Amino acid sequence: MTAQRTTARQTTSNDRLTVAVLGPGGIGGLLAALLSRAGHRVVCLAGDETAEALRTNGIQVRSTLFGDFTAQVEADTELREPVDACLIAVKATALDAALTRVPPTALGDDALIVPFLNGVEHPAILRDRYRPDRVAPAVIRAESTRVTPGQIEHPSPFAEIDLTGDSVPRVRLDTLAQALDAAGPTTRVLPDETAALWAKMSFLAPFALLTTRHALPLGDVRTHHREQLTTLVEETAAVSRACGGPADPAQALARYDAFPPGTKSSMQRDAEAGRPLELDAIGGALLRAAERHDIPTPVTTGLVRELREAGH
């Protein structure tokens, strides 16, 4: 059992941030609770029922890494005042509808927009709507689930964030990264946005597509569908390389082998629960990038087609 990591320090009035969290689910709820516990003002944005639950009961977290605690947060259905940062933690399938809760006029000119979405295409969508030089994409490595509104389970013994944004002033990235790191998740600022997003995509796409297609956890996929996994990793790495991202198939396979055998992807969990899948944001985006760079991806193409034909 990993030792629980508690808040590194409490903030002072001079470094207290006001942070909006759009989508206080598994990831958003965990970050909202940790930031609140560290002394920051947190405003969660959600539907009426969830917002009322959060206002009444706060966010209750059960975490292997951070312990069990309850954090008080503010909650509303729409952002109504400027903030220092807005963390966007909704699924890609809900992004367009969710963004109506964050009017650009209410957000303020200087707020950071920090999406924690899967895929590589969402930064362009956000830069069309908000100040392009304030969109700071982030990647988080953590398994965290919303059990009910305001109840979060974080069973993984890690929570790591990569924060980036090629056109965002470095001082703004550093300030938010320091706040997140002090609140709990190990956070670093990376200088290459494309590399950061494709590093996650290269790992996530094979994992998500295969666990969902075969309805099996990672351990069974890497054992019983090893050849397919290897080929898919190689295809994804080739697309990543063409797009300016990292490409190391051997390292990706080693990471899959190191994960607990019962690990499931979020796409697989969505399929099991009958929720919409981020198939287009992950598989579709990968295929569109491959087409732009004339990279053959027969295995990826087949998997995406099979999942679409299955009604996903």
Side-chain angles (χ1 to χ4, degrees), residues 16-61 70-119 122-123 125-131 134-140 142 144-152 154 161 163 165 172 175-176 179-180 183-185 266 270 275-276 278 281:
R16 182 176 187 253
L17 301 179
T18 296
V19 180
V21 177
L22 177 61
I27 294 299
L30 177 65
L31 295 178
L34 289 170
L35 286 167
S36 174
R37 185 172 71 163
H40 300 285
R41 181 187 174 208
V42 176
V43 182
C44 292
L45 305 174
D48 288 318
E49 181 181 348
T50 297
E52 179 60 27
L54 298 186
R55 282 193 295 265
T56 303
N57 302 314
I59 300 177
Q60 302 166 46
V61 174
T70 299
Q72 299 303 313
V73 296
E74 299 175 41
D76 205 338
T77 58
E78 181 179 315
L79 185 66
R80 305 180 194 279
E81 60 182 292
V83 294
D84 295 301
C86 179
L87 312 186
I88 299 180
V90 297
K91 296 279 189 177
T93 52
L95 180 61
D96 289 344
L99 289 180
T100 61
R101 302 190 190 280
V102 187
T105 52
L107 186 66
D109 289 337
D110 211 34
L112 288 187
I113 304 294
V114 187
F116 285 87
L117 280 74
N118 291 324
H122 56 274
I125 296 172
L126 295 170
R127 288 184 173 119
D128 283 342
R129 182 177 176 85
Y130 305 106
R131 278 189 61 172
R134 292 296 182 267
V135 175
V139 170
I140 185 166
S144 187
T145 303
R146 187 189 86 156
V147 180
T148 61
Q151 294 189 353
I152 307 297
H154 170 235
I161 295 173
L163 183 62
R172 299 298 308 282
T175 298
L176 181 59
L180 288 167
S266 60
D270 286 340
R275 294 187 291 262
E278 294 182 299

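Every heavy atom of this structure was used, including side-chain atoms; hydrogens, water molecules and symmetry mates were not. Bear in mind the structure is a predicted one, so any value in this text is a computation, not a measurement.
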Undergrad: Does some side-chain heavy atom of Cys86 sit less than 4.5 Å from a side-chain heavy atom of Val19?
TA: no
Undergrad: Output yes when a side-chain donor or acceptor of Arg37 lies under 3.5 Å from a complementary backbone atom of Ala71, and no otherwise.
TA: no
Undergrad: Distance-only check: which donor-acceptor pairs under 3.5 Å involve side-chain atoms of residues 87-99, not counting sequence neighbours?
TA:
residue, atom, partner, partner atom, Å
Lys91, NZ, Asp270, OD2, 3.1

Undergrad: Distance check, rounded to the nearest 0.5 Å: Thr77 atom OG1 versus Glu49 atom CD?
TA: 13.5 Å
Undergrad: Report the C-alpha distance between Leu180 and Leu35 in whole Å, list the side-chain angles of each, state the deciding distance to 0.1 Å, and finish with yes or no for side chain to side chain contact (heavy atoms under 4.5 Å, CB included).
TA: CA-CA 7 Å; Leu180 288 167; Leu35 286 167; 4.0 Å; yes
Undergrad: When you measure from the side chain of Arg80 to the backbone N and O of Ala106, does any donor-acceptor pair fall under 3.5 Å?
TA: no
Undergrad: Using a 4.5 Å cut-off on heavy atoms from C-beta on, say whether the side chain of Ile125 contacts that of Pro115.
TA: no
Undergrad: At what distance, to the nearest 0.5 angstrom, does CD1 of Ile140 lie from CG of Leu30?
TA: 6.5 Å
Undergrad: Are the side chains of Thr148 and Gln151 in contact, using a 4.5 Å heavy-atom criterion?
TA: yes
Undergrad: In the structure I gave you, are the side-chain heavy atoms of Ile59 and Leu54 within less than 4.5 Å of one another anywhere?
TA: yes
Undergrad: Quick check: are there more than 12 heavy atoms from other residues, nucleotides or ligands sitting under 6.0 Å from CG of Asp48?
TA: no
Undergrad: Using side-chain heavy atoms (C-beta onward) and a distance below 4.5 Å, is Ile152 in contact with Ile27?
TA: no
Undergrad: What is the minimum heavy-atom distance between Leu163 and Ala136, and which atoms define it?
TA: CD1-O, 3.8 Å
Undergrad: I'd like to know if the side chain of Ser144 and the backbone of Gly26 have a donor-acceptor N/O pair within less than 3.5 Å.
TA: yes
Undergrad: If we ignore hydrogens and angles and just use 3.5 Å, is the side chain of Arg134 paired with the main-chain N or O of Ala111 as donor and acceptor?
TA: no
Undergrad: Could you tell me which non-hydrogen atom of Ala20 sits nearest to which non-hydrogen atom of Leu45, and how far apart they are?
TA: CB-CD1, 4.3 Å
Undergrad: Give a yes or no answer on whether the side chain of Thr50 reaches the backbone of Ala46 with a donor-acceptor pair at less than 3.5 Å.
TA: no
Undergrad: Report yes or no: does Asp84 contribute a side-chain atom to a donor-acceptor pair with the main-chain N or O of Thr18 at less than 3.5 Å?
TA: yes
Undergrad: Would you say Arg127's side chain and Val135's backbone share a donor-acceptor pair under 3.5 angstrom?
TA: yes
Undergrad: Are the side chains of Val83 and Val43 in contact, using a 4.5 Å heavy-atom criterion?
TA: no
Undergrad: Restricting to non-hydrogen atoms, name the atom on His40 and the atom on Ala179 that form the minimum distance, rounded to 0.1 Å.
TA: NE2-CB, 3.7 Å
Undergrad: Donor-acceptor check, side chain of Arg131 to backbone of Asp109, threshold 3.5 angstrom: yes or no?
TA: yes
Undergrad: Give a yes or no on whether the backbone of Leu17 and the side-chain of Arg41 come within a donor-acceptor separation of less than 3.5 Å.
TA: no
Undergrad: Can you give me the closest heavy-atom contact between His154 and Ala142, atom names plus distance?
TA: NE2-CB, 4.1 Å
Undergrad: Would you indicate whether the side-chain heavy atoms of Tyr130 and Val102 approach each other to under 4.5 Å?
TA: yes
Undergrad: Mind checking whether Pro103 and Glu78 have side chains closer than 4.5 Å, heavy atoms only?
TA: yes
Undergrad: Which pair of non-hydrogen atoms, one from Ala33 and one from Val61, has the smallest distance, and what is that distance?
TA: CB-CG2, 3.6 Å
